[in-house]
Amino acid sequence: MNDENKEFEYKGLIINGFAMIFFILILIPALMLALGLAGRDENLWLSVGCNVPLFILFVLGCSGYFTQEPGEARVMIFFGRYVGTCRRVGYFWVNPFLTRRKLSLRLRNMDIEPIKVNDKVGNPVLIGMVLVWKIQNTYRAVFDIDSASLGANAGVSAKALEHFVRIQSDAALREVAGHYAYDNTGSHSDELTLRDGGDAVSELLERKINERLAMAGMEVVEARINYLAYAPEIAAVMLRRQQAAAIISAREKIVEGAVSMVDMALAKLDEDGVCNLSEDRRAALVSNLLVVLCADEPAQPVLPTVS
């Protein structure tokens with residue numbers, strides 16, 4: 001890609017619009033006076049010599065006005081040649097033969113619909129994002145994007161810009177999704193994933209999209225994943241896997257707590273001298289306590305009977 005910046009500020013004639021209107025108002029009585037001289041034969045050629053340039057000035061002065069607000073720019077083209085970009089704010093008059101193509105430099109939001117992609121381990125996932133972008137280089141935005149296929153007769157339209165951004169963002173999103181797994185697996189528990197990647201994933205996504213949009217003079221301000229889910233064909237299986245992982249994690253926590261409580265109970269019995277337990281009795285006590293503490297349902301006590 002050619003990184004040369006061909007955009008530059010418009011340096012041609014540009015006049016305050018109100019001053020030009022005042023000048024046109026002065027031309028009106030001058031034209032009337034020249035027309036009055038045309039009624040006399042001796043002043044005919046003098047009248048024609050005055051009327052023609054005054055009339056041309058009047059016609060040219062009646063066109064070429066434009067109003068520009070903050071966050072807007074106009075690309076100036078003189079018979080097919082780029083002569084600069086005007087970013088000044090206000091009411092102006094320029095050469096009416098200039099073609100003035102208006103561009104908005106303001107921030108724009110785009111919601112990329114969820115698309116189906118394969119993550120790093122090959123699982124099909126649905127992923128969508130929200131995008132904030134703006135035009136950075138007006139020359140490239142106007143002259144490097146072809147909008148003829150979208151029905152625009154000349155120049156670049158907002159529809160063409162949005163279509164280009166959507167296609168390139170879609171491609172970048174697919175590329176980034178292929179760098180990460182959807183969720184942690186047992187063998188790679190410390191690996192960055194799409195679910196918990198957060199800023200790291202967003203940073204990579206912004207960089208990839210900017211690399212693609214720079215060729216058209218556009219810049220991504222922010223890109224964030226706003227939708228992430230398994231594809232319907234594997235969603236039920238992955239849900240069961242997540243449920244199993246949650247159950248295992250909960251069981252590990254329960255067992256860890258139960259062992260800690262049994263150890264505390266045995267230490268307390270020995271410390272207070274409540275009873276002296278043999279190895280068999282101690283093993284039975286540990287077994288019973290673990291059953292009670294790790295069971296899903298309340299334990300049913302069994303009372304020994306003496307015959």
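Everything numeric in this text was worked out from a predicted model, so none of it was measured.
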Sequence neighbours excluded, every pair satisfying salt bridge (Lys or Arg N to Asp or Glu O under 4.0 Å) that has a member inside residues 116-126: K116-E233, K120-E191

Salt bridge (charged side-chain N to carboxylate O under 4.0 Å, His left out) against E175, all qualifying residues, sequence neighbours excluded: K208, R212

For R166, salt bridge (charged side-chain N to carboxylate O under 4.0 Å, His left out) partners two or more places apart: none

CD1-CE distance between I14 and M76, expressed to the nearest 0.5 angstrom: 5.5 Å

Can you list, pair by pair, the side-chain donor-acceptor contacts under 3.5 Å of residues 53-67, counting residues two or more places apart and other chains?
{"unit_1": "Y65", "atom_1": "OH", "unit_2": "G61", "atom_2": "O", "d": "2.7"}

D196 and T193: side chain donor to acceptor below 3.5 Å: yes

Close side-chain approach of R108 and V221, heavy atoms under 4.5 Å: no

Side-chain cluster (under 4.5 Å, hydrophobic types only) that M264 belongs to, other residues: none

Spacing of M218 atom CE and N137 atom CG [to the nearest 0.5 Å]: 10.5 Å

Hydrophobic cluster of I167, others only, ordered by chain and residue number, side-chain cut-off 4.5 Å: none

Salt bridge (Lys or Arg N to Asp or Glu O under 4.0 Å) assessment of K11 paired with E9: CA-CA 6 Å; K11 301 296 183 181; E9 188 67 22; over 6 Å; no

S169 side chain to V165 backbone, donor-acceptor under 3.5 Å: yes

Pairing residues for Y139 by the ring-ring contact (aromatic ring centres under 6.0 Å, His included) criterion, not counting sequence neighbours: Y82, F143

D170 side chain near Q168 side chain, heavy-atom distance below 4.5 Å: no

E219 side, atom CD; I209 side, atom CD1 - distance, nearest 0.5 Å: 12.0 Å

Residues which pass ring-ring contact (aromatic ring centres under 6.0 Å, His included) with F97, listed by chain and number, not counting sequence neighbours: none

Set of salt bridge (charged side-chain N to carboxylate O under 4.0 Å, His left out) partners for E113, sequence neighbours left out: none

Interatomic distance, R174 atom CZ to I115 atom CD1 [nearest 0.5 angstrom]: 4.0 Å

Atom pair CD1 (I135) and CG (L103), whose distance is rounded to the nearest 0.5 Å: 4.5 Å

Within 6.0 angstrom of E203 CD, more than 12 heavy atoms from elsewhere: no

Pairwise distance OG(S202) to CD(E222) - rounded to 0.5 angstrom: 7.5 Å

Residue pair I77 / L98, side-chain heavy-atom distance below 4.5 Å: no

Side chain proximity check, N123 to Y230, heavy atoms < 4.5 angstrom: yes

Any donor-acceptor N or O pair under 3.5 Å, side chains Q68, R74: yes

Whether R140 side chain and Q136 backbone form a donor-acceptor pair below 3.5 Å: no

Which residues share a salt bridge (charged side-chain N to carboxylate O under 4.0 Å, His left out) with E206, sequence neighbours left out: none

Would you give me the side-chain donor-acceptor pairs under 3.5 Å for residues 15-28, sequence neighbours excluded?
{"unit_1": "N16", "atom_1": "OD1", "unit_2": "F18", "atom_2": "N", "d": "2.9"}
{"unit_1": "N16", "atom_1": "OD1", "unit_2": "A19", "atom_2": "N", "d": "3.3"}

For E69, all residues meeting side-chain contact (heavy atoms from CB on, under 4.5 Å), sequence neighbours excluded: E72, R106

Test item: M215 and F164 side chains (from C-beta on) under 4.5 Å apart, heavy atoms: yes

Close side-chain approach of V220 and V132, heavy atoms under 4.5 Å: no

pair N95-L13: side-chain heavy atoms closer than 4.5 Å: no

